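Because the structure is a prediction, the values reported are computed rather than measured. For this chain, numbers begin at 1 and follow the sequence in order.
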Amino acid sequence: MTYSGDVQVGGPADVRELPELTITKLAVGPWENNAYLLRCTATGQQLLVDAANDADRLLALLDGGTLDTIVTTHQHGDHWQALEQMARVTGAKTAAHPLDAPALPVTADRTVEHGDKIAVGEVELEVIHLRGHTPGSIALHYNGHLFTGDSLFPGGVGNTNKDPERFTQLFDDVVQRLFERLPDETWFYPGHGKDSTLGAERPSLAEWRERGW
């Protein structure tokens, strides 16, 4: 089956097989959050992006394997409802940006800054700090695959509560740290809803800036 990234709460996961990494996307919880399980094909080590909700379904994705790391993209509660249980049951180490980590229900084993690397087996994910949705929101990038949390969606940047300063900060970070650095074919996986590519969204950047959200 071809990966589409179109998942629904209660429905099956969608799986993308890359040469070095398997990406499994699952929608969970009342806010229809996306959780992403990344597995290194060489070592079998696994990393979860956002233990958002429904620990039982997230645990089932492991299929008997171990979970090594849980990365929380930002501090909002809908992205960490299952974090405490997942960390306790699996023994996984947890990671978040230091500006958002204090709001999480578990103490982060590691705090990560812009430009840091997080390994899952032989694969390295680059941490990209995107300020504005929350102070410590992060994205993760690997070889044209970008996990953006709630900082970038198809159709616009994340919610900044109509605060012009926060919007400008987030928009500028998204433009400078994503669109100006990464090619159009870069596929991004947001914290809710469907995926997109930077190329599909790039023509709308001026419109986003003009509307201010």
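Residues satisfying the salt bridge (Lys or Arg N to Asp or Glu O under 4.0 Å) criterion with R88, sequence neighbours excluded, are absent altogether. Under the side chain to side chain contact (heavy atoms under 4.5 Å, CB included) criterion, P203 pairs with no residue, sequence neighbours left out. Shown here are the side chain to side chain contact (heavy atoms under 4.5 Å, CB included) partners of E124, two or more places apart in sequence or in another chain: K117. With sequence neighbours excluded, the residues forming a salt bridge (Lys or Arg N to Asp or Glu O under 4.0 Å) with D195 are K25, listed by chain and number. Judged as a salt bridge (Lys or Arg N to Asp or Glu O under 4.0 Å), and not counting sequence neighbours, the contacts of R209 are D172. For the salt bridge (Lys or Arg N to Asp or Glu O under 4.0 Å) test, no residue two or more places apart in sequence or in another chain qualifies with E17.
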- request: Begin from the C-alpha positions of D184 and T197 and carry the test side-chain contact (heavy atoms from CB on, under 4.5 Å) through to its verdict.
  value: CA-CA 7 Å; D184 281 353; T197 65; over 6 Å; no
message: For a side-chain contact (heavy atoms from CB on, under 4.5 Å) check, start with the C-alpha distance between I138 and V71, then their side-chain angles and the critical distance, and finish with the verdict.
response: CA-CA 9 Å; I138 58 173; V71 179; 3.9 Å; yes
- request: Output, in order, the C-alpha distance, side-chain angles, deciding distance and verdict of side-chain contact (heavy atoms from CB on, under 4.5 Å) for L18 and N143.
  value: CA-CA 10 Å; L18 305 175; N143 195 27; over 6 Å; no
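The neighbour count for E126 CD, taken as heavy atoms of other residues, nucleotides or ligands under 6.0 Å away, is above 12.
With T186 contributing its side chain and P183 its backbone, the two residues share a donor-acceptor pair below 3.5 Å.
Taking the side chain as every heavy atom from C-beta outward, L140 and L38 never approach each other to under 4.5 Å. The shortest distance between side-chain heavy atoms of N159 and H133 falls below 4.5 Å. Residues H76 and T134 meet the side-chain proximity criterion, which asks for heavy atoms closer than 4.5 Å. Between S137 and D150 the shortest side-chain heavy-atom distance does not fall below 4.5 Å. Residues R131 and R177 meet the side-chain proximity criterion, which asks for heavy atoms closer than 4.5 Å. Between E201 and P154 the shortest side-chain heavy-atom distance falls below 4.5 Å. Looking only at side-chain heavy atoms (C-beta outward), H74 and S151 stay at 4.5 Å or farther from each other.
In plain terms, the two heavy atoms of A92 and D109 that are nearest each other are O-OD2, 4.1 Å. When every heavy atom of V112 is checked against every heavy atom of R110, the shortest pair comes out as CG1-NE, 3.4 Å. Across all their heavy atoms, N34 and H192 have their closest contact at ND2-C, 3.2 Å. Of all heavy-atom pairs spanning A101 and T111, the tightest one is CB-CG2, 4.2 Å. When all heavy atoms of V9 and G29 are compared, the pair lying nearest together is CG2-O, 3.6 Å. When all heavy atoms are compared, the tightest approach of G121 to Q45 is CA-OE1, 2.9 Å.
Grouping Ile, Leu, Val, Met, Phe, Trp and Tyr residues whose side-chain heavy atoms lie under 4.5 Å apart, directly or via other members, places L178 in a hydrophobic cluster with I128, L130, L146, L152, V157, F167, L170, F171, V174, V175, F179, L182, F188, L198, L205, W208. Hydrophobic side-chain contacts under 4.5 Å tie L37 into a cluster, directly or through other members, with L26, V28, L48, L58, L59, L61, L62, L67, I70, W80, L83, M86, V89, L104, V106. Residue F153 belongs to no hydrophobic cluster, having no ILVMFWY side-chain heavy atom closer than 4.5 Å to its own.
Sorted by first and then second residue, the pairs that involve residues 86-120 and meet ring pair (Phe, Tyr, Trp, His ring centres under 6.0 Å), not counting sequence neighbours, are H97-H129. Residue pairs satisfying the side chain to side chain donor-acceptor pair (under 3.5 Å) criterion with at least one member in residues 52-73, sequence neighbours excluded, are listed as follows: D50-T73. Among residue pairs with one or both ends in residues 24-53, those qualifying as ring pair (Phe, Tyr, Trp, His ring centres under 6.0 Å) are Y36-F147, Y36-Y189; sequence neighbours excluded.
Taken together through direct or relayed side-chain contacts under 4.5 Å among Ile, Leu, Val, Met, Phe, Trp and Tyr, W187 and V7 form parts of separate hydrophobic clusters.
Taken to the nearest 0.5 Å, the CZ atom of R181 stands 11.5 Å off from the CD atom of Q176. We find the OG1-CZ distance between T160 and R166 to be 6.0 Å, quoted to the nearest 0.5 Å.
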